[in-house]
4 protein chains.
Amino acid sequence: MSTAAELHRPGRKRCEETREAILRAAYHLLEEGGMGKFTIEGVAARSGAAKTTIYRWWPTKGRLAAEAFLTSTATAAMVPETSSAIADLRAHMRLLASIFRSRVGYVIAGLIAEGHSDPETIEAYRVGIVERRTRITRTIIERGIAQGEFRPDLDVEAALDALYSPLYTGLLMGFNTLDDDYIDRLADTVLHGIGAAPRAG
Amino acid sequence: MSTAAELHRPGRKRCEETREAILRAAYHLLEEGGMGKFTIEGVAARSGAAKTTIYRWWPTKGRLAAEAFLTSTATAAMVPETSSAIADLRAHMRLLASIFRSRVGYVIAGLIAEGHSDPETIEAYRVGIVERRTRITRTIIERGIAQGEFRPDLDVEAALDALYSPLYTGLLMGFNTLDDDYIDRLADTVLHGIGAAPRAG
Amino acid sequence: MSTAAELHRPGRKRCEETREAILRAAYHLLEEGGMGKFTIEGVAARSGAAKTTIYRWWPTKGRLAAEAFLTSTATAAMVPETSSAIADLRAHMRLLASIFRSRVGYVIAGLIAEGHSDPETIEAYRVGIVERRTRITRTIIERGIAQGEFRPDLDVEAALDALYSPLYTGLLMGFNTLDDDYIDRLADTVLHGIGAAPRAG
Amino acid sequence: MSTAAELHRPGRKRCEETREAILRAAYHLLEEGGMGKFTIEGVAARSGAAKTTIYRWWPTKGRLAAEAFLTSTATAAMVPETSSAIADLRAHMRLLASIFRSRVGYVIAGLIAEGHSDPETIEAYRVGIVERRTRITRTIIERGIAQGEFRPDLDVEAALDALYSPLYTGLLMGFNTLDDDYIDRLADTVLHGIGAAPRAG
DNA sequence: TCTTAAACGAGACGGTACGTCATGTCTTAAA
DNA sequence: TTTAAGACATGACGTACCGTCTCGTTTAAGA
């Protein structure tokens, strides 16, 4: 329906090449200097598009940056599936941590920082990246529950937060190093719990 | 020593009232509009100080903001000590979450966002606030270990991250609601662990 | 000829209502804010016509403004004819001055100002308004010559310039007030000449 | 007084070189393309000054243009004084007309056009140029009256308008050619008056 | 009746200049 | 030597119009 409506809209069609040129330029700027060097002016200059054209389609810097980032990062963190859900989870956490340690992590941190003054930036990141990732991790956890590796009464949301939030605080605030050893310690801690082991019997 | 040296330094002394006026103005601006409305220009105008004076003593916006925030938030999250370390921890988490949900939380989010382009801002926040808080929580946990409430082989650092990082992702990215119910679910999850309960016997 | 050629041209005819809507919108904009608020964009929005349509028929802003102004100001300065050419001239000057003092004068000033960057605007104004007026004043003067009120060897062009140019400098530069008293003094001065009266005998 | 006050004002003094660089750049742009090519952006680029600096000192384009023009045109229309006031007046009119026909005339026309949207531009031109010129012509006329060349009861203001306004309408609207022959005809017409010669005796 | 050419609305697009904001550096005179 | 005041170069902001350019629709003449 909406497709038909759009097809019959009068006026010149949106120029797809321009759109792509803008997103490409935006992504390159992001990659080179994170959000710090990311300016509409710069994107316009690099893409050859007019500032007005950019403003026509993206209301804020953050939205453009988010879309550029998402467009160019289709292949998110993916890990092979093994027989052990615990091992899969740990592998996924390690992979995400390694991304956070890389240049991409710097870009993501910039997006989140930008998100403070433009909540929709963060929303775009959440919808575009986090939800996709959450779907994967949720699946792993549910498999783990089915296989008896995780508690059957597990609060999946809280579990995911406990496991993955530290990666963000490491990225944004340097609270931790995000190296493999740390990730393992974190995973173990959440896995076994911090409470004293229940007494047998 | 340093006092004597400073007293005998030639030239006009640093004006303490000016320093305070600047910090006071900075804090009010922070409170009113978070980092978004926080500008050196604005602080100068509001405090009656010259921009030069501000730049002489604070290298960046973020540092000034951090100091202003810290100066005015001496009384951090404090909870009464009960006999149960678990209850204390839970109370502390609830308190911090309530702060994060308040206007102060918005300011903190701004500081962290600013920290992306000025790492020393985040460092100041970490040293000034987080470490103090960590000292408290670490104490609670160590008491809990001693009392047999927590595992004796606990990785305290990982435990604190698992418990507190979700508050930051909630604050910065809205990943969760930070209400009391959520905090309890989070605490329980980390307390009992996500792994299947070891079989008795 | 041209009419026939146009009639036999293929394709859709020019839409007369659109043309009128454009001119009407243009005139209203002119009236409201002079040339300052007059933009093609604005005319398009107000008239409901497309910018393309406007550009198809009017090469420049000034031309459109001039035509809009002329179309809506068919009834130019007209004065009743009395037995005295001198009185008629004076009445005509007073009338024109009063127009120049009004909102219409402001629009005219705008057209002339615009004419600096688009000479054809001024040309349109000259042909459309000034020539018509000159025809009237020239007639009055020639009648005055015939009646013995004006010198028989009068340089009509120079005389009209001396009488009417001050109205324009008053309009454009505020060199004079354009009130009735001034007009009379001007007319008297040009009438009697500035030279010392020729000696009798 | 104001000098003393200014001397004791705190803060950095206005940079004279920058001021001159701006005026010089402004004048060159004016000379090259009149008001059409005159942009604050252009002046900034050419002078090496910042746009903000320009806006600090000149509120509008027109004011800057007017000042730049006046500064660089100190030596206005000057004519040698002869024994005949009539001859002097005619020479002065010819000289001014020749200026109006030149590139400078184009610049003046631009200033007047700009004055439509910024009245203070025209005011600056009037005070800076026209008044100086009027002082000269008024002197000539008064000398002429004293010498018996002009009527003793002459309305000097009206006379000057009748003589000089046509030069402006020629400049701005091309109503006349401004060549020497025209100037002479104009001068003669105003000199002798357009009325029929009074009968001797 | 069908074709074809123009008029027309809508609106995307590359531009230019606008006037403003905040940055961080600098100069000056008083304290 | 510190301070308040403020000038300055820089660079990005977001906006307003400009004039050009597709688009698909509508209208009428000619084949």
Side-chain angles (χ1 to χ4, degrees), chain A residues 7-19 37-45 47-57 59-61, chain B residues 9-15 17-19 38-45 47-57 59-61, chain C residues 6-19 22 38-45 47-57 59-61, chain D residues 7-19 38-45 47-57 59-61:
Chain A
L7 281 175
H8 291 310
R9 221 173 25 180
R12 181 173 171 177
K13 293 265 173 60
R14 177 168 187 183
C15 177
E16 198 56 31
E17 288 135 46
T18 295
R19 186 180 157 274
K37 305 286 178 192
F38 188 86
T39 60
I40 298 282
E41 208 104 337
V43 174
S47 66
K51 270 202 295 175
T52 34
T53 302
I54 299 177
Y55 280 112
R56 194 185 338 269
W57 300 107
T60 64
K61 253 173 50 141
Chain B
R9 230 177 9 184
R12 182 170 169 179
K13 295 257 178 60
R14 176 168 186 186
C15 176
E17 288 134 48
T18 295
R19 186 179 158 275
F38 187 87
T39 61
I40 298 283
E41 210 102 336
V43 174
S47 65
K51 274 200 295 173
T52 334
T53 305
I54 299 176
Y55 280 114
R56 197 193 323 278
W57 301 107
T60 66
K61 248 173 54 141
Chain C
E6 277 161 17
L7 280 174
H8 293 308
R9 222 173 22 178
R12 183 172 170 178
K13 292 261 180 63
R14 176 168 187 183
C15 175
E16 198 56 30
E17 288 135 45
T18 294
R19 185 179 158 275
I22 291 170
F38 188 87
T39 60
I40 297 283
E41 209 103 336
V43 174
S47 66
K51 273 202 294 176
T52 337
T53 304
I54 299 177
Y55 280 113
R56 197 190 332 274
W57 302 108
T60 64
K61 246 172 56 142
Chain D
L7 280 174
H8 292 309
R9 219 176 23 181
R12 182 171 171 177
K13 293 266 174 59
R14 176 168 186 183
C15 176
E16 198 56 31
E17 288 134 45
T18 296
R19 186 180 156 273
F38 188 86
T39 59
I40 298 282
E41 207 104 339
V43 175
S47 66
K51 273 201 293 175
T52 33
T53 301
I54 299 177
Y55 281 113
R56 189 182 350 263
W57 301 108
T60 65
K61 252 173 49 145

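What you see is a predicted model; the values in this text were computed from it and never measured. Just so we're on the same page: letters track the sequence lines, and every chain starts at 1.
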Is the phosphate of F/dC18, meaning OP1 or OP2, less than 4.0 Å from a side-chain N or O of C/Thr60?
no
On a heavy-atom basis, which atom in A/Thr18 and which in A/Ala49 lie closest, and how many Å separate them?
CG2-CB, 4.1 Å
Grab the two heavy atoms, one from A/Ala50 and one from A/Ala44, that are nearest each other, plus how far apart they are.
C-CB, 4.4 Å
Distance (rounded to the nearest 0.5 Å) between B/Arg56 CZ and B/Ile54 CD1:
11.0 Å
Judged by each residue's nearest nucleotide on DNA chain E, which is more toward the 5′ side, B/Lys61 or A/Gly48?
A/Gly48
Atom pair distance, as rounded to whole Å: [atom1] in [X] and [atom2] in [N]:
X: D/Arg19; N: F/dG6; atom1: CZ; atom2: P; result: 20 Å
X: B/Ile40; N: E/dT25; atom1: CD1; atom2: C1'; result: 14 Å
X: C/Glu41; N: E/dA12; atom1: CD; atom2: C1'; result: 12 Å
X: C/Phe38; N: F/dA16; atom1: CZ; atom2: P; result: 19 Å
X: A/Glu16; N: F/dC23; atom1: CD; atom2: P; result: 13 Å
X: C/Tyr55; N: E/dA10; atom1: OH; atom2: P; result: 17 Å
X: D/Glu17; N: F/dA9; atom1: CD; atom2: P; result: 11 Å

Keeping the roles fixed (side chain from C/Lys61, backbone from C/Phe38), state whether a donor-acceptor pair exists under 3.5 Å.
yes
Considering every strand and a 4.0 Å limit on heavy-atom distances, what is the contact class for B/Ala44: base, sugar-phosphate, or nothing?
nothing
If you assign each of A/Gly42 and B/Ser47 to its closest nucleotide in DNA chain F, which residue comes earlier from the 5' end?
B/Ser47
Determine whether any donor atom in the side chain of [X] lies under 3.5 Å from an acceptor atom in the base of [N], or the reverse, and answer yes or no.
X: D/Thr52; N: E/dG19; answer: no
X: A/Lys51; N: E/dG14; answer: no
X: D/Thr39; N: E/dC18; answer: no

Taking only residues two or more places apart in sequence or in another chain, which ones pass side-chain hydrogen bond (donor to acceptor under 3.5 Å, both in side chains) with A/Thr52?
none
Quick one: list whatever passes side-chain hydrogen bond (donor to acceptor under 3.5 Å, both in side chains) with A/Glu16, sequence neighbours left out.
A/Arg19
Could you identify the nucleotide paired to F/dA31, looking across every strand shown and requiring Watson-Crick or G-U wobble geometry with both distances under 3.5 Å?
E/dT1
Could you tell me the Watson-Crick or G-U partner of E/dA31, where both distances fall under 3.5 Å? Say none if there is no partner.
F/dT1
Sub-3.5 Å pairs of nitrogen or oxygen atoms, protein against nucleotides 5-7 of chain E:
from	atom 1	to	atom 2	distance (Å)
E/dA7	N3	C/Arg12	NH1	3.2

